[in-house]
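Accompanying notes for the structure given below.
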Amino acid sequence: MSIRNSAAGAARTLARLDLNLLVTLDALLAERNVTRAAQRLHLSQPAVSVQLGKLRQSLQDALLVPGPRGMSPTTLALQLEGPLRDALHQLEAVLAPARPFEPASADTTWRIAASDYGETAIVLPLLPRLRAAAPASRLAVVQLVPQRLAHLAEHGEVDLGLVTMDIAPPGLRSRVLFSERYVLVGRDGHPALRRRPTLAQFCKLEFVIVSPEGGGFRGAADVLLDAMGLQRRVVLSVPHFLFVLSAVASTDLVALLPSRIVAAAGLPAGVRTVAAPLEVPGYDMAMVWHERVHRDPAHAWLREQVAGSITA
DNA sequence: AAACGTACTCATGCAGAACG
DNA sequence: CGTTCTGCATGAGTACGTTT
């Protein structure tokens with residue numbers, strides 16, 4: 001029977017399949033062990049073994065074969081694992097009695113993935129609001145690793161991610177919080193910053209830039225300058241935004257920083273902002289979350305607090 | 001009310017892995 | 001290399017709901 005790959009075959013397979021068995025398959029794939037899946041389902045091991053047998057017959061696939069450490073999923077089982085888990089989670093979310101979220105008494109622990117920029121520009125303004133409205137809740141800010149964000153959100157290890165829109169994982173829901181622009185910062189009394197520098201003077205300055213992955217010496221400004229046939233001098237690259245403020249305060253280095261990090265963190269003594277001689281394109285900052293938590297009242301509430309704490 | 005179908009548990013067989 | 005352990009599969013018996 002090789003109908004599995006055709007659309008008609010898939011429809012026939014689904015129509016013939018006892019959908020209750022999908023819950024069993026989900027447990028089997030999560031545990032990779034019939035006995036433990038049975039415990040999870042509050043059934044006996046033989047009962048689940050029989051259900052696995054039915055799944056095998058319906059889907060014409062062994063699904064799980066004895067391997068070196070428990071049962072190993074077949075290719076088809078691996079293909080089913082993600083979509084099946086998502087589908088069941090979504091059903092659970094819809095069917096679960098929608099109890100309204102009560103922030104005043106909720107002891108929820110939130111997990112937000114953010115860079116130090118996200119911490120300063122978004123989490124910092126959020127904090128007073130969160131502490132006042134939900135005093136029994138806790139917040140864990142975890143390091144943002146963009147490549148892992150979709151996976152962590154999918155597995156419920158992160159509730160919300162704070163990322164620039166251009167790297168927002170396509171599978172996640174997103175909402176733009178604000179558009180960011182760059183400002184030029186340098187120390188008070190910097191000889192080249194007494195007034196707005198010309199483009200030529202700008203290119204002679206020594207820059208520190210933030211390279212979140214580390215080691216990069218090019219930013220949005222360099223792309224713009226390239227187009228004009230110009231170059232600037234980037235002499236220091238650091239992974240964190242906040243260190244930049246300290247660096248420009250104590251040296252003649254200057255930096256183009258997102259305006260909100262300057263506004264939220266505050267300028268250290270002896271540091272000032274200056275109008276730049278070119279308009280470096282900014283970026284849209286967004287929060288992202290998984291479909292699974294989209295309808296959850298508690299998560300929706302958190303997202304409203306984040307959006308509401310952003311100042312114009 | 002009886003017949004029937006379904007899905008469960010219990011007991012046990014069997015295979016492979018781990019251990020001494 | 002034999003024994004023990006672990007874990008899946010299977011047959012027998014049973015409970016329960018549905019159909020006639």
Side-chain angles (χ1 to χ4, degrees), chain A residues 1-101 106-111 113 140 142-143 145 147-159 169 171-172 289-300:
Chain A
M1 187 152 102
S2 60
I3 57 170
R4 206 175 56 231
N5 294 329
S6 71
R12 214 178 309 163
T13 304
L14 199 57
R16 209 184 279 181
L17 183 66
D18 177 353
L19 297 186
N20 281 316
L21 293 177
L22 294 180
V23 178
T24 300
L25 181 57
D26 181 56
L28 281 165
L29 289 172
E31 297 289 350
R32 312 247 158 130
N33 177 305
V34 177
T35 306
R36 285 202 299 274
Q39 286 165 356
R40 177 189 280 227
L41 295 165
H42 304 290
L43 290 173
S44 65
Q45 174 269 318
V48 173
S49 180
V50 168
Q51 292 179 352
L52 175 57
K54 288 178 183 169
L55 280 161
R56 285 168 168 163
Q57 193 155 30
S58 295
L59 300 177
Q60 291 289 297
D61 188 279
L63 296 173
L64 289 159
V65 292
R69 290 166 67 87
M71 304 283 269
S72 302
T74 63
T75 309
L76 176 66
L78 285 174
Q79 286 172 343
L80 282 169
E81 187 172 18
L84 181 57
R85 188 180 48 229
D86 288 349
L88 293 178
H89 277 144
Q90 282 186 45
L91 282 172
E92 270 168 21
V94 172
L95 296 175
R99 28 189 181 132
F101 179 66
D107 59 354
T108 314
T109 297
W110 310 108
R111 295 177 68 81
V142 301
Q143 195 179 0
V145 182
Q147 301 88 328
R148 305 235 319 132
L149 185 54
H151 179 265
L152 293 176
E154 187 185 336
H155 287 80
E157 288 164 46
V158 156
D159 299 308
L172 297 184
W289 63 96
H290 195 264
E291 181 69 37
R292 200 160 58 74
V293 299
H294 181 61
R295 288 172 194 281
D296 183 275
H299 285 81

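Chain A is the first sequence line, chain B the second, and so forth, proteins listed ahead of strands; every chain is numbered from 1. FYI, side chains are in, hydrogens and waters are out, and symmetry mates aren't considered; it's all heavy atoms of this structure.
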**Asked** When you look at L43(A) and Q51(A), which way does the side-chain contact (heavy atoms from CB on, under 4.5 Å) test go after all the steps?
**Response** CA-CA 11 Å; L43(A) 290 173; Q51(A) 292 179 352; 3.9 Å; yes
**Asked** Within the structure, does a side-chain N or O atom of K54(A) lie under 4.0 Å from either OP1 or OP2 of dA7(B)?
**Response** yes
**Request:** Identify which nucleotide among dG7(C), dC8(B), dA9(C) has an atom closest to any side-chain atom of N33(A), counting heavy atoms from C-beta outward.
**Result:** dG7(C)
**Item:** Length of the CZ-C1' vector between R36(A) and dC8(C), whole Å
**Value:** 13 Å
**Prompt:** Just how far, in rounded Å, is P of dT6(C) from CD of Q39(A)?
**Reply:** 13 Å
**Atom pair distance, as rounded to whole Å: CG in L55(A) and C1' in dA7(B)** = 14 Å
**Item:** V34(A) side-chain proximity, nearest of dC8(C), dT10(C), dC8(B)
**Value:** dC8(C)
**Message:** Output the rounded distance in Å from CE (M71(A)) to P (dT6(C)).
**Reply:** 18 Å
**Item:** Side chains of R85(A) and H155(A) in contact at under 4.5 Å (non-hydrogen atoms)
**Value:** yes
**Message:** If I take atom CD in residue Q45(A) and atom P in nucleotide dC14(B), what distance separates them, rounded to the nearest angstrom?
**Reply:** 16 Å
**Message:** Heavy atoms from C-beta onward define the side chain here; which of dC8(B), dG11(C), dC8(C) lies closest to that of S49(A)?
**Reply:** dC8(C)
**Asked** Which whole-number value in Å describes the distance from L52(A) CG to dG7(C) P?
**Response** 16 Å
**Request:** Kindly give the heavy-atom pair with the smallest separation between L64(A) and R56(A), and that separation in Å.
**Result:** O-NH2, 2.6 Å
**Fill in**
For F101(A) and A298(A) the tightest heavy-atom approach is CD1-CB, 3.4 Å
**Asked** Would you say dC8(C) has OP1 or OP2 under 4.0 Å from some side-chain N or O of R56(A)?
**Response** no
**Request:** Quick one: do V48(A) and T24(A) satisfy side-chain contact (heavy atoms from CB on, under 4.5 Å)? Show the steps, please.
**Result:** CA-CA 7 Å; V48(A) 173; T24(A) 300; 4.0 Å; yes
**Message:** Measure CZ/R32(A) against P/dC8(C) and give the value in whole Å, please.
**Reply:** 14 Å
**Item:** Nearest-Å distance for atom pair NE2/P, residues H42(A) and dT9(B)
**Value:** 12 Å
**Asked** When all nucleic acid strands are considered with a 4.0 Å heavy-atom cut-off, which category describes T35(A): base, sugar-phosphate, or nothing?
**Response** sugar-phosphate
